Structures are given as C-alpha cells and as structure tokens.
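Here's the structure, in structure tokens; my notes come after.
Computed from a prediction, not measured in an experiment: that's the story for all the values here. Chain A is the first sequence line, chain B the second, and so forth, proteins listed ahead of strands; every chain is numbered from 1.
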2 protein chains.
Amino acid sequence: MTLTVLLADDHAMLRSGLRAIFDTQPDLRCVAEVADGRAAVTEVARLRPDVAVLDIRMPKLDGLGATEMILADPANRTKVLLLTTYDTDEYVYRALSAGASGFLLKSLPPEELISAVRVAARGDALIDPSVTQRLIARFAVSLATPPTPPELALLTAREREVLLLVAAAHSNAEIAAQLHVGDETVKTHVSRVLAKLGLRDRVHAVAYAHVNGLVGTRQPGR
Amino acid sequence: MTLTVLLADDHAMLRSGLRAIFDTQPDLRCVAEVADGRAAVTEVARLRPDVAVLDIRMPKLDGLGATEMILADPANRTKVLLLTTYDTDEYVYRALSAGASGFLLKSLPPEELISAVRVAARGDALIDPSVTQRLIARFAVSLATPPTPPELALLTAREREVLLLVAAAHSNAEIAAQLHVGDETVKTHVSRVLAKLGLRDRVHAVAYAHVNGLVGTRQPGR
DNA sequence: CCGGAAATCCCCCGCGCGGGGGACCCGATT
DNA sequence: AATCGGGTCCCCCGCGCGGGGGATTTCCGG
C-alpha cells in the first residue's frame, strides 16, 4: 500500500528537495506541493493525503495554525509532520498541543525523514532527538508530583477526606451531608486539619490542597 | 572517539544479543554486562560508561529505580536508555521523570538501537515512536491551558487583580494593605467578582482560580 | 456637556466559621 | 483494667465575610 504525502513549504527549492527524497521510495507518493498554510489546509481537505509535511514558517498561515485547522476537522485522517529549521520551545509545545505526529528539524537525514513519514502514517509519533530531551525535561516538571508534604501524614484518613471536600469548596454543612455525620463533627475535623497543617482557615486549606496537587487536574495515571 | 556501554538485563540471552549488535560497531564498546539493577548502579559508578542500557524488569532493583539512583549521583555522566518489552504508561512517565535519555521497546530494529545509543551519548533523547504518540497526548493535556472562561472578561482589571489575591488565600484586610486601599473597597471588589462569576463565597473563588489555571503552578513558558 | 463605568469609601445586618472548651463510644494497645 | 487515639456530637463566643443599601471622585466617550 502506497502512502500519499502533501508538502507545504514556501521555498520551492526545499519542496523539490523533499520531493526528490520521497521519490526514491516506491511506496511514497507526493500528491501535492503548496507554498502556504492556507493552501495546505484546503488541499489536505481535498486530497486527504496520509501525511502532510508542513514547514513551520509559511505565509498566510503558519504550520502551527495549519496543523490546528487540519486536525480540528475530524473528517481529516491526515497525520501532520512539522518541519523547522530552528527548534524554538514555543513551537514544539504548540505543535504537540495541536496534535502533530512529529516535530522534526530540517537537518534530519533524508532516510530518517522517510522513516518519520512511515511512522506517522501508522499512527505513531516521532520527535527530533534534540527536541525530545528538552521535551522530557519540561514533561518531567509538569509530571513532577509535588512531593506530598510530610505534615499530611499527620492527618487521619477521615481528616484527609474532609480536607478534600473542603478543597472542593464545600461548606461544613455540605460536607456533613455528604459524609452522613453531624455538622459539628465536620467542624471538629476541619479544625484539626487546620491545626495540624498550620493553616489559618478553610480558604488557606483550599489553596494548600490545590498547590500540593491534592485536587488539581490529576490525570488517571496518577 | 569510542563510546562505552553498559548492559543490564536479567536474561543472559538478551544480553548476548545486544552485545552482538553493539559489536558490529567499531566505535561502540560494551564494557560491562550485569543481571540486576543494583549491580548496574555500582558498575556505572565504577566504570562511568557513556551509556547504560537497562531493562525495566530486573531483580533486586528495577530499571526505573536504577535510573533514578544513577542520575541522582551528579558524579555520573552516564546517559540511561531504558529497554522494555511492553510499553506501560506508568513506566514511561516514571522513566522520563527520572531523567532517562530514552525509552525503547525491545522490538526496535538493531540499527535504530545503535543510533539511539549515539543519540543518547551526545546528550539528546529518543523515545520509541509508539510511545511518543501517547506521550504527546498526555503532554498536550498537561499543557492545555484551561480555556480561560469567558465570564472572566466581565471583570475589570482591578477585579481580576483582587481575584488573584483572593486566590492566594489573602484576607480582605491583607488585600487592602497590599493594594493600598481601604478594606471596604476590597469588599466591594470581592463582592462584584463573586457576583460576576456566579460564585458563592471567596472559598469558591479560590477553587475557581486554581481550577481555571489562573494561579496554578504555571511554568514560565506560558 | 453630560451620562455611565470604574474605583473608592461608608454603614448595617446576619451568618458561617473557627477556637475553646466538654462529652461519649469504640477498638487497639499496654 | 487502664489507656489512648479516632470519630462523633454539643455549646458558646467572637469575627470575618458577604449582601443590601448609599456616596464620592475620575475619566472616557457620545
């Protein structure tokens, strides 16, 4: 089965270079060449290539915007590979947020570019190694579970439970109802929590819980 | 310049397979083979290889733990590549948090493994394409700036300012002091904020601000 | 010039909250 | 048996808070 590819770059020279690279592969067919992002979007919608190789810098609509538009349309099954000369962090993050299947530098050896197209076509993703390293660093910090503060261990299970409900901005009465206990009980628990954690009031408790990732938008994978 | 490599895997067969692969490259020298994580840590500390290729599953100390120990020691300049049979999400995240330079599946073609070692040695990172795709997805959500709720536009600049201070768990009096205005003024602002955002009290405001990323642990890169 | 929006300040009132007590029950540990 | 920690419930008191009013200034745009 042959893979169809769309090329988008405002430099004709680079386009022909890429086309030449792809032409060496019998199973890759370059079905379109465009010079700007808007054309890329419309041509992708028309031709539905397997993979679109977009330059980041393009007139009218840059590669990032084009990626977003292409992937925003669920009718498209085209995978997007982004190509750039320099690897600016901002680009990478936006590209990945937009759902690009790859982020590659133009310095990439031809055979690896070809391999990247195949990888993208089968639904996997590929990032330039020099970028990956920084991506990891960034990812690690965003993953970095704020080290659970030790004073949290002072809390009993019940108290932690109450803390979470407080963090969700529930009033004592609401918490009482939810736990099927009296509101005086809840007050006791809250007081203990505040005392143990050294917090002034429930407002600080809410901030504390969020800052320490007890409630944040935690993904399932812990 | 030749690169030194340490191999760690509890299966002797796999080790010899890897060694055979590396031996085809004149510039790669496999300087040690170990069968468990603890041995990997001590041998890395002793031999200081350029790259350590660790299996995830190993006796005594798994590859993840070994990675953490190796990279925790600043005296080590060894890069770590992790090898695994199956790509469980948990592994990937822990591996990247620990600072591994690569996360590869054992199904990787030999030549790409070699290339991965070279990539790691020069300080870049490499992740198996099939894993990268999910990594991106996960990364995207962690990057995804919670779309600023539209009702936030209703607030005046001053009100947003006050909201941020409220979100930081400051009392009205504290906010007043910080803004050099009377506390009655702050009360007015807070009331307006609550009304405009449809929040019950400042506790909800704190939660709101955190959930919507107005205050969260945002990285510098936006 | 005049209207309105924004920012500032003021008063009163009711309520939720948090601290400081005390009390009871239960299960585990001593 | 005595003790202790945890969970539950209760009362009182003071205060910060939030809603409801109203008032002033400044500044901008019709």
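In this structure, the NZ atom of A/Lys196 is 16 Å from the C1' atom of C/dG19, given to the nearest Å. With rounding to whole Å, B/Arg202 atom CZ is found 13 Å from D/dC15 atom C1'. Taking atom NE2 of residue A/His180 and atom C1' of nucleotide D/dC9, one finds them 17 Å apart after rounding to whole Å. Straight-line distance from the CD atom of A/Glu184 to the C1' atom of C/dC24: 15 Å, rounded to whole Å. For the pair A/Leu155 CG and D/dG5 C1', the computed distance is 15 Å after rounding to whole Å. Taking atom CZ of residue B/Arg192 and atom C1' of nucleotide D/dC17, one finds them 17 Å apart after rounding to whole Å. As a whole-Å value, the separation of B/Arg158 CZ from D/dC27 P is 15 Å. The nearest whole Å value for the distance from the CD atom in A/Glu161 to the P atom in D/dG6 is 15 Å.
Here the nucleotide nearest the side chain of A/Lys187, chosen from C/dT8, C/dC17, D/dT8, is C/dC17. When distances run from any side-chain atom of B/Thr185 to the nucleotides D/dG19, D/dC11, C/dT8, the shortest one goes to C/dT8. The side chain of B/Glu159 approaches C/dA7 more closely than any other nucleotide in the set C/dA7, C/dG18, D/dG7. Of all nucleotides listed (D/dG18, C/dA6, D/dG6), C/dA6 comes nearest to the side chain of B/Thr156. Distance from the side chain of A/Val181 is smallest to D/dC9 among D/dG7, C/dT8, D/dC9.
Residue B/His189 is the one, among B/Asp201 and B/His189, whose nearest nucleotide of DNA chain C lies closer to the 5' end (criterion: closest heavy atom).
Listed for the B/Arg202 side chain is a donor-acceptor partner under 3.5 Å among the backbone atoms of B/His170. Side chain of B/Glu174 to main chain of B/Ser171: a donor-acceptor pair is present (N/O by atom type, distance under 3.5 Å, no hydrogens or angles).
The line from OG1 of A/Thr188 to CD of A/Glu159 is 10.0 Å long, rounded to the nearest 0.5 Å.
An OP1 or OP2 oxygen of C/dG19 is reached within less than 4.0 angstrom by a side-chain nitrogen or oxygen of A/Ser191. Phosphate contact (OP1/OP2 of D/dC17, side-chain N/O of B/Asn172, threshold under 4.0 Å): present.
No hydrogens or angles were tested; on distance alone, a donor-acceptor pair under 3.5 Å links the side chain of B/Thr188 to the base of C/dC9. For a distance-only test at 3.5 Å, the side chain of B/Ser171 fails to qualify as a donor-acceptor partner of the base of D/dC17.
The shortest non-hydrogen separation linking A/Asp124 to B/Gln133 is OD1-OE1, 3.7 Å.
Using a 4.0 Å cut-off between a side-chain N of Lys or Arg and a carboxylate O of Asp or Glu, A/Arg57 and A/Asp9 do not qualify as a salt bridge.
B/Asp183 comes within 4.0 angstrom of no nucleic acid atom, judged by non-hydrogen atoms across all strands.
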